[in-house]
Each structure stands twice: as C-alpha cells, then as structure tokens.
Asker: 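Take a look at the following structure, please.
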2 protein chains.
Amino acid sequence: MSRTQGSRAELTGPRIRAAALRLFARHGFAAVSMRQIAAEVGVQAGTLYSYTPDKQSLLASLMEGHMEELLEALAALPAGGTPTEQLERFTRHHIRFHAARPEAVFVAYMELHSLEPDNFARIEALRGRYEDALQQILEDGCATGAFALPDTKLTTLALIAMLTGVNTWFREGGRLDLDGIEAIYWQLVQKAVAAPDTARAPR
Amino acid sequence: MSRTQGSRAELTGPRIRAAALRLFARHGFAAVSMRQIAAEVGVQAGTLYSYTPDKQSLLASLMEGHMEELLEALAALPAGGTPTEQLERFTRHHIRFHAARPEAVFVAYMELHSLEPDNFARIEALRGRYEDALQQILEDGCATGAFALPDTKLTTLALIAMLTGVNTWFREGGRLDLDGIEAIYWQLVQKAVAAPDTARAPR
DNA sequence: GGTTTAACTGAACGCTCGTTCGTTTCCAAT
DNA sequence: ATTGGAAACGAACGAGCGTTCAGTTAAACC
C-alpha cells in the first residue's frame, strides 16, 4: 500500500485525509463528493478507494483520529496538584487544543449525525471519556471544598460547551491572542465553580 | 395559494415546513431529498414547489423564521430591574425557549454552512441582534458594579455557548426538569459574572 | 349540473452521486 | 534492457438528485 520512498510528491494518503477534512468542515460531509476530494488532491475519484473502503469510513476515521488525539493530549497533561490547578490546566488545554485544529473540531461536532450507528457509538464513547475526565476534576474539587456545584455532570457539559464555543469565533490574528482568551475563560470557569469562600483565593 | 377552507386535512404548507425541519435536523440539509420531504407529508415531490421556490429557500425560511421568533420572544420579556435580574430573565428564557424547539435550534446552528451567501448574511445579522441584547445587559451590569468582566463580548459568546449547550443533552422526561436545569445554569452564570463583593447577595 | 380554479400528480429533464474495475503508467529491482 | 508490481487512470454502472410542467382531480361557486 505504501511506497518505500515517496519520490515524486507528498504521500497521497495523508493528502486525501487533509483535503477531506477541509472540505467536510467547509461544506459538510453530505455536500462533499468523492470527486471534489479527489480534485483537491489532484487525483481521479477512483484512486481514493485505494486509501479508504468508502466515504463513510473516511469520515469515521477522521473523527475517531481526532478524538484519540484529544484523549492522548489530555493524558499527556501533568497530573497532580489541587483540583483548581487541574481545572485550570484542563481549561487552558481545551482552548489551546481546539483552537489549533478548528476543522477537525468542527467536523467532530457537526457530523455526528452523518455517522452510521456503529461508528457513532465508537466515537461517542471516546467523547464520553473526555467528559468523564473533567467531571472527575469537578468531583474532586467538591470533595475538597474548593468547588461548590449542585450537579457535576451538568457543570461538566456546561463548561465544555462554553469552552468549545471559542471555536465558533476564534481566528488566528484576531483581537485577542490565545493567552488572553485562556485567561478570560479561566476566570469565568474559576468563578463559576468556586465555593463562595475561596472564590478570590483559589487554594 | 391557500384555500378558504381546509376541508380535508391540515394545510399542506405548514406540514411541509414541519417535515422539512424534522428531516433537516435529523439527517442534515444536504442529506435530505425533496422526495423524502414529500413522502413524509404524503405528497409528490413536485407539489413542494407550490410552497417554496426551491430547497435552499425552504431552509433559509425555516432558519429565518426561527431567529425572528427568538427575537420576538426576547422583546416580549419584561424589561427593567437590575442587570442581575435582567440576566436571570435572559438565562432562564434562553434555556426554556431553546429546549422547546430542539429541531429548529439544531438546524439554525448546524446548517449555517448550507446557506447561500445572501441568506447567510441575513440570518447571521439576526443572531447578532440577539447577542447584542445579552452584551448590553453585561455592560450595564459592569457599569453599575454588579458584574466584573474583562471582556463583555467574549463573555456574551461564552454564556450563549454554555446555555445553548443544554440542547445537546436535554430530553423531555429526563433526570432533571426545566426548572431544575434553569436554576443550575443560572447559578453558574451568576457566579461567573458577579463582581466579587456581590457574588452572594445579587443586588 | 356545469364551470372555474387551485392543488396535486407523475413522468421527464439533465446531472451528479458513490463505487467498481480493466487498463495504463512508471518506478525499482534485476 | 527487462520485468514485477504498486499507483493511478478513466470509463462505466445504476441510482438518485433538484426541478419543471402538461395533465388530472375534486372541491367551490353560479
């Protein structure tokens, strides 16, 4: 399937994936044809089928790859510290990771209904693991008294929705850089979850 | 175009819109054919063109109608009171309004990229007016000292993303009813925006 | 009961879709 | 120079797409 040496150009497989991701993000999975993807790569449509069994698998593979990358990056974060420190790391990491790959994020959120049931279940399970990681931090914080939350599951979903919302407007080179955005969102998150007494002195 | 008396059944126009909304929400605009919509209504595909000039206009009309309804409902809210009271009204209303029409909300958010440029601009302008209303409340609150926010525009977008996120998991008859959900989210919103001194006594 | 009229049918248009597969190309090893 | 084999081509398949429109139906009015 792969040459020992890519003598003429970039490897075709990754270029197909990149083109598909870009087009799916821009126009939506159902609105993009295999011929459009092929044209973007500079190849005939039939060639795509040497790299993916079909269009659905191409989408599922992109989405699953994204979710696995997200979980790997989460696992690579430094552990330990207070729940507040962990939550700050999670918050900043979420914003930074998502801002760096807007197309994959967009596809992973918007094309869930284009997945066949098996693929949907597999990818939703990965998302669930990510949410669980945040929920665990919130529960730890409630246990130590650093956070005061009526419902950690809802708060998990609320915070992730808020943080992921950055992607709807963030553009590189805009009014604010990522450091500034992280700081603003971290302040919102921190105040929202903090127990009243510790709202200003977060340990 | 319309009969003086709908003697046999429901009027066809609204039924087409309802079927299209349901199918667009479930499968995505591009993945739904005019024949599917027609079949859902119990009519031939050609009949749809007595009610809409084309598929794109059907989508745009559904989205524009939803945004206008949202703005009308916002305008119908009681005015006056402190910024904190206004923000609570906005928060509760947003959750309640969106939870009541999940399909329209889903389509309005997910199918923006299916709109042709003119329709997109018109509908985005309506969304901007809704965001402006929230931003005005936040600015008023900062002016009175009730809120402490580094950036009202970002906070506006962050809060709307958080509140709209309810729609990704809320299902009627689930663990929590709307009153409970409103209360939890209002607590998160209130704490996130409140100036430190007033965090516990919101007037 | 005959006429009007709007709603709806159903066939047809040209086109694009995802996918298959026999053929051609061309690098790499002999 | 020849050969082996992977990569890509490009034509073809049946199906379905959005849209049009001449014709059919049936309720409403005189």
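In this text, all values refer to a predicted model and were calculated from it rather than measured experimentally. By convention in this document, chain letters (A, B, ...) are assigned in the order of the sequence lines, proteins followed by strands, and residues within each chain are numbered from 1.
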Asker: Less than 4.0 angstrom between a side-chain N/O of S50(B) and OP1 or OP2 of dA6(C), yes or no?
Answerer: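 The answer is no; no side-chain N or O of S50(B) sits under 4.0 Å from OP1 or OP2.
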Asker: So, using salt bridge (charged side-chain N to carboxylate O under 4.0 Å, His left out) as the criterion, who are the partners of E68(A) when residues are at least two apart?
Answerer: none
Asker: Looking only at side-chain atoms of Y51(A), point me to the closest of dC8(C), dA7(D), dT19(D).
Answerer: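 The closest nucleotide is dA7(D).
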Asker: List for me each residue that meets side-chain hydrogen bond (donor to acceptor under 3.5 Å, both in side chains) alongside T156(B), sequence neighbours excluded, and say none if there are none.
Answerer: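 With neighbours one apart ignored, the set is empty.
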Asker: Side-chain N or O of Q44(B) versus OP1/OP2 of dG10(C): is the shortest distance under 4.0 Å?
Answerer: yes
Asker: So does E103(B) pair up with R22(B), basic N to acidic O under 4.0 Å?
Answerer: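 Result for this pair is no, no salt bridge flagged.
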Asker: Could you check how far CG of L48(B) sits from C1' of dT19(D), rounded to whole Å?
Answerer: 11 Å
Asker: Write down the protein N/O and nucleotide N/O pairs, taken from nucleotides 15-18 of chain C, whose separation is under 3.5 Å; answer none if there are no such pairs.
Answerer:
{"from": "dC17(C)", "atom 1": "OP1", "to": "S33(A)", "atom 2": "OG", "distance (Å)": "3.1"}
{"from": "dG18(C)", "atom 1": "OP1", "to": "V32(A)", "atom 2": "O", "distance (Å)": "3.3"}
{"from": "dG18(C)", "atom 1": "OP1", "to": "K55(A)", "atom 2": "NZ", "distance (Å)": "3.0"}
{"from": "dG18(C)", "atom 1": "OP2", "to": "M34(A)", "atom 2": "N", "distance (Å)": "2.8"}
{"from": "dG18(C)", "atom 1": "N7", "to": "R35(A)", "atom 2": "NH2", "distance (Å)": "2.7"}
{"from": "dG18(C)", "atom 1": "O6", "to": "R35(A)", "atom 2": "NH2", "distance (Å)": "2.7"}

Asker: If I take atom CD in residue Q56(B) and atom P in nucleotide dC17(D), what distance separates them, rounded to the nearest angstrom?
Answerer: 18 Å
Asker: Please name all residues satisfying side-chain contact (heavy atoms from CB on, under 4.5 Å) with R171(B), sequence neighbours left out, ordered by chain then number.
Answerer: none
Asker: Go through the structure and list residues passing side-chain contact (heavy atoms from CB on, under 4.5 Å) with D151(A), not counting sequence neighbours.
Answerer: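 If we apply the side-chain contact (heavy atoms from CB on, under 4.5 Å) test to D151(A), skipping adjacent residues, the hits are K153(A), L154(A), R175(B), L176(B), I184(B).
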Asker: Using salt bridge (charged side-chain N to carboxylate O under 4.0 Å, His left out) as the criterion, list what pairs up with D179(B), not counting sequence neighbours.
Answerer: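 Residues passing salt bridge (charged side-chain N to carboxylate O under 4.0 Å, His left out) with D179(B): R96(B).
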